[in-house]
**Student:** 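Have a look at this one before I ask anything.
Every value quoted in this text rests on a predicted model; they were computed, and no experiment measured them.
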Amino acid sequence: MMHKRLLGITMGDPAGIGPELIVKLLYKGVSVPFVVYGDEQSLYRAAAFSGLPRPFIYHCQSPEEASAVLLDASEQFIIPLINAGIDLGQDFVLGQTSREGGEASYAFLNKAIDHALSGEIDAIVTAPLHKVSLKLAGYHFPGHTEILAYRAGVDHVGMMLLNDEIRVILVTIHMALADVPHYITPENEAIAIRLAHKACQQLGLVQGRIAVAGLNPHAGEEGRFGREEIEIIKPTIEALQAEGILVSGPYPGDTIFMRARQGEFDIVVAQYHDQGLIPVKYLGVDSGVNVTVGLPFIRTSVDHGTAFDIAGKGMADESSLREAFMLAVKMLGSV
């Protein structure tokens with residue numbers, strides 16, 4: 001199947017740095033056609049406080065129209081835009097949670113999902129949204145990952161974080177640490193390992209080397225610090241090894257990421273959110289990318305939040321959005 005390679009970029013919460021990231025990314029240029037799902041005035045304002053020329057924004061009704069606009073464009077700084085029925089105006093307040101911001105970010109994302117599910121765009125690249133704004137708008141999703149899974153109608157998705165040095169996928173995602181042990185089950189371990197295997201294939205690694213982290217210190221140390229490794233994690237690993245998946249562990253969480261960084265493993269399955277995300281973010285959020293594995297389309301994202309504290313100051317670094325965009329392009333080539 002030949003891909004059109006048309007990407008959709010969602011603005012996220014317009015009160016954050018998403019609009020600024022987008023205008024900086026597009027002003028410097030990208031290699032693949034795109035359409036932005038967002039608000040016109042937010043983009044104009046972001047260009048102004050970033051010291052960039054005013055972009056040529058074309059309102060489009062469909063991704064097909066956006067492709068045509070880009071094909072015929074003579075302007076250097078052009079943004080084909082689908083605004084999903086949102087018009088925030090010039091008086092929208094930056095740097096604050098709001099119902100309007102939550103409604104806008106949800107509308108932008110959902111319109112992009114519609115077009116990804118219909119095949120009108122080939123991948124979604126997302127700027128950050130804010131969970132409090134989503135809640136103020138009446139949407140009780142913990143974040144992008146859960147919205148994407150719900151809208152795509154899939155039961156199991158994985159959050160993979162990666163940079164040039166390590167890749168991590170999570171067994172549990174957005175939940176209280178006290179609840180994590182209840183979700184360490186053979187089923188959830190197997191789901192995460194299979195998603196790690198799929199993620200490697202999407203990245204062009206036919207048989208990726210998967211390492212599984214233990215839940216407890218020293219991976220339980222043979223039951224002294226907990227029995228999850230003995231009773232749940234190790235038997236699940238052995239069952240999937242029998243299926244032909246190249247997986248090993250469980251390994252102590254305090255050394256597994258160092259070993260992966262040194263090249264011993266291609267991806268690490270972490271048991272909970274901070275166990276997996278701290279090593280990635282310690283190496284720098286500017287180079288990190290978030291990938292949702294298990295969707296019927298490709299979705300990549302920045303590895304940071306809305307950064308309300310610097311919104312409107314022209315200080316945001318678009319490096320993570322560029323990395324996310326480039327990874328989506330790479331993954332399209334592996335499909």
Side-chain angles (χ1 to χ4, degrees), residues 5 7 9 12 17-18 21-22 24-26 28-32 34 122-128 144-145 157-171 173 192-193 195-213 246-249 251 253-271 273-295 298-305 307 315-335:
R5 284 185 165 79
L7 274 63
I9 307 175
I17 61 173
L21 299 178
I22 291 171
K24 287 182 174 179
L25 172 73
L26 300 182
K28 293 180 181 179
V30 292
S31 58
V32 172
F34 60 88
D122 293 302
I124 300 175
V125 182
T126 60
H144 270 115
T145 304
V157 296
M159 177 188 285
M160 176 173 66
L161 276 294
L162 71 158
N163 54 33
D164 290 338
E165 299 186 70
I166 56 175
R167 306 177 185 94
V168 177
I169 199 163
L170 305 177
V171 178
I173 305 178
I193 293 169
L195 287 170
H197 180 64
K198 181 175 182 177
C200 288
Q201 292 179 322
Q202 287 182 311
L203 294 170
L205 301 169
V206 177
Q207 186 67 296
R209 298 163 299 168
I210 304 166
V212 181
L246 192 58
V247 57
S248 60
Y251 300 108
D254 58 354
T255 56
I256 189 171
F257 299 100
M258 175 188 66
R259 295 171 66 180
R261 191 182 182 194
Q262 293 172 343
E264 188 174 347
F265 310 120
D266 294 307
I267 190 168
V268 174
V269 175
Q271 298 300 323
H273 186 278
D274 284 11
Q275 183 187 53
L277 269 59
I278 288 173
V280 177
K281 294 191 177 186
Y282 177 77
L283 294 173
V285 296
D286 293 343
S287 61
V289 179
N290 182 348
V291 180
T292 305
V293 183
L295 296 170
I298 290 168
R299 179 262 175 163
T300 65
S301 181
V302 296
D303 184 23
H304 56 72
M315 299 168 53
D317 186 338
E318 79 282 5
S319 298
S320 184
L321 185 62
R322 181 171 296 279
E323 292 291 334
F325 191 95
M326 292 171 60
L327 181 61
V329 174
K330 178 182 178 180
M331 292 175 70
L332 282 174
S334 300
V335 174

**Student:** Is the count of non-hydrogen atoms from other residues, nucleotides or ligands lying under 6.0 Å from Met258 atom CE greater than 12?
**Tutor:**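 Counting neighbours around CE of Met258, more than 12 heavy atoms of other residues, nucleotides or ligands fall under 6.0 Å, so yes.
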
**Student:** Walk me through it: do Gln207 and His197 pass the test side chain to side chain contact (heavy atoms under 4.5 Å, CB included)?
**Tutor:** CA-CA 7 Å; Gln207 186 67 296; His197 180 64; 3.3 Å; yes

**Student:** According to side-chain hydrogen bond (donor to acceptor under 3.5 Å, both in side chains), who are the partners of Lys198, at least two apart in sequence or on a separate chain?
**Tutor:**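 Lys198: no side-chain hydrogen bond (donor to acceptor under 3.5 Å, both in side chains) contacts found.
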
**Student:** Got a second to check how far Ile17's CD1 is from Leu321's CG, nearest 0.5 Å?
**Tutor:**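 Nearest 0.5 Å value for the CD1-CG distance: 9.5 Å.
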
**Student:** So how far is it from Phe265 CZ to Tyr251 OH, rounded to the nearest 0.5 Å?
**Tutor:**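 Here the interatomic distance stands at 4.0 Å.
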
**Student:** Looking at every heavy atom in both Ala192 and Val171, which two are closest together, and how far apart are they?
**Tutor:**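 Between these two residues, the closest heavy atoms are CB-CG2, 3.7 Å.
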
**Student:** Can you name the side-chain hydrogen bond (donor to acceptor under 3.5 Å, both in side chains) partners of Asp266, sequence neighbours left out?
**Tutor:**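 So Asp266 forms a side-chain hydrogen bond (donor to acceptor under 3.5 Å, both in side chains) with Arg209.
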
**Student:** Please determine whether side chain to side chain contact (heavy atoms under 4.5 Å, CB included) holds for the pair Ile169 and Val291, giving the CA-CA distance in whole Å, both sets of side-chain angles, and the decisive distance to 0.1 Å.
**Tutor:** CA-CA 9 Å; Ile169 199 163; Val291 180; over 6 Å; no

**Student:** Phe257: which residues meet the ring-ring contact (aromatic ring centres under 6.0 Å, His included) condition with it, sequence neighbours left out?
**Tutor:**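 Once residues adjacent in sequence are excluded, Phe257 has no partner under the ring-ring contact (aromatic ring centres under 6.0 Å, His included) criterion.
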
**Student:** As an exercise, state the distance from NE2 of His273 to CD1 of Ile173, rounded to the nearest 0.5 Å.
**Tutor:**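 Those atoms lie 8.5 Å apart.
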
**Student:** When rounded to the nearest 0.5 angstrom, what is the spacing between OG1 in Thr255 and CD in Gln262?
**Tutor:**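 The CD atom of Gln262 is 10.0 Å from OG1 of Thr255, to the nearest 0.5 Å.
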
**Student:** Write down the atom of Ala127, the atom of Gly18, and the distance for their closest heavy-atom approach.
**Tutor:**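 What the structure gives for the nearest pair is CB-CA, 3.8 Å.
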
**Student:** Please examine the side chains of Arg167 and Val268, heavy atoms only from C-beta on, and report whether any two atoms are closer than 4.5 Å.
**Tutor:**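 SC-SC contact between Val268 and Arg167 ruled out.
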
**Student:** Only counting residues at least two apart or in another chain, list the ones meeting side chain to side chain contact (heavy atoms under 4.5 Å, CB included) with Ile278.
**Tutor:**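 Partners of Ile278 under the side chain to side chain contact (heavy atoms under 4.5 Å, CB included) test: Asp274.
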
**Student:** To the nearest 0.5 Å, tell me how far Leu26 CG sits from Glu318 CD.
**Tutor:**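 Answer rounded to 0.5 Å: 10.0 Å.
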
**Student:** Using a 4.5 Å cut-off on heavy atoms from C-beta on, say whether the side chain of Ile166 contacts that of Pro279.
**Tutor:**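 In contact.
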
**Student:** Over all heavy atoms of both residues, which pair between Gly158 and Leu195 is shortest? Give the atoms and the distance, please.
**Tutor:**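 Smallest interatomic distance, heavy atoms only, reads N-CD1, 3.4 Å.
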
**Student:** Evaluate side chain to side chain contact (heavy atoms under 4.5 Å, CB included) for Leu25 paired with Ile9, printing each intermediate quantity in order.
**Tutor:** CA-CA 11 Å; Leu25 172 73; Ile9 307 175; 4.1 Å; yes

**Student:** Distance check, rounded to the nearest 0.5 Å: Met159 atom CE versus Leu161 atom CG?
**Tutor:**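 Separation between the atoms: 6.5 Å.
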
**Student:** So, the side chain of Gln271 versus the backbone of Ala213: is there a donor-acceptor pair under 3.5 Å, distance only?
**Tutor:**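 Yes; judged by distance alone, with no hydrogens or angles, the pair exists.
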
**Student:** Just jot down the side chain to side chain contact (heavy atoms under 4.5 Å, CB included) partners of Asp164, sequence neighbours excluded, or say none.
**Tutor:**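 Once residues adjacent in sequence are excluded, Asp164 has no partner under the side chain to side chain contact (heavy atoms under 4.5 Å, CB included) criterion.
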
**Student:** What residues, two or more places apart in sequence or in another chain, satisfy side-chain hydrogen bond (donor to acceptor under 3.5 Å, both in side chains) together with Arg299?
**Tutor:**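 side-chain hydrogen bond (donor to acceptor under 3.5 Å, both in side chains) list for Arg299, sorted by chain: Thr126, His144, Thr292, Ser301.
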
**Student:** Just jot down the side-chain hydrogen bond (donor to acceptor under 3.5 Å, both in side chains) partners of Asp254, sequence neighbours excluded, or say none.
**Tutor:**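 Result, side-chain hydrogen bond (donor to acceptor under 3.5 Å, both in side chains) vs Asp254: none returned.
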
**Student:** Which heavy atom in Ala123 sits nearest to a heavy atom in Ala328, and how many Å separate them?
**Tutor:**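 So the minimum-distance heavy-atom pair works out to CB-CB, 4.2 Å.
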
**Student:** In this structure, which one of Asn290, Leu170, Val280, Ile267 forms a side chain to side chain contact (heavy atoms under 4.5 Å, CB included) with Met160?
**Tutor:**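 When Asn290, Leu170, Val280, Ile267 are each tested with Met160, the side chain to side chain contact (heavy atoms under 4.5 Å, CB included) holds only for Ile267.
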
**Student:** Could you report the tightest heavy-atom contact between Leu21 and His304, atom names first, then the distance?
**Tutor:**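 Minimum heavy-atom separation between Leu21 and His304: CD1-CE1, 3.7 Å.
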
**Student:** Go through it in stages, so that I can follow the logic: the residues are Leu327 and Leu162, the test is side chain to side chain contact (heavy atoms under 4.5 Å, CB included), and I'd like the CA-CA distance, side-chain angles, deciding distance and then a yes or no.
**Tutor:** CA-CA 10 Å; Leu327 181 61; Leu162 71 158; 3.7 Å; yes

**Student:** Could you list the residues that satisfy side chain to side chain contact (heavy atoms under 4.5 Å, CB included) with Glu165, not counting sequence neighbours?
**Tutor:**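 Side chain to side chain contact (heavy atoms under 4.5 Å, CB included) list for Glu165, sorted by chain: Asn163, Arg261, Leu283.
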
**Student:** Kindly give the heavy-atom pair with the smallest separation between Gly276 and Ala270, and that separation in Å.
**Tutor:**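 Of all heavy-atom pairs spanning Gly276 and Ala270, the closest is CA-CB, 3.6 Å.
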
**Student:** Would you mind reporting whether Val30 and Val329 have side-chain heavy atoms less than 4.5 Å apart?
**Tutor:**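 No. Closest side-chain heavy atoms not under 4.5 Å.
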
**Student:** My understanding is that only residues two or more places apart in sequence, or in another chain, count here; which of them pass side chain to side chain contact (heavy atoms under 4.5 Å, CB included) with Met326?
**Tutor:**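 Met326 satisfies side chain to side chain contact (heavy atoms under 4.5 Å, CB included) with Arg322 once adjacent residues are dropped.
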
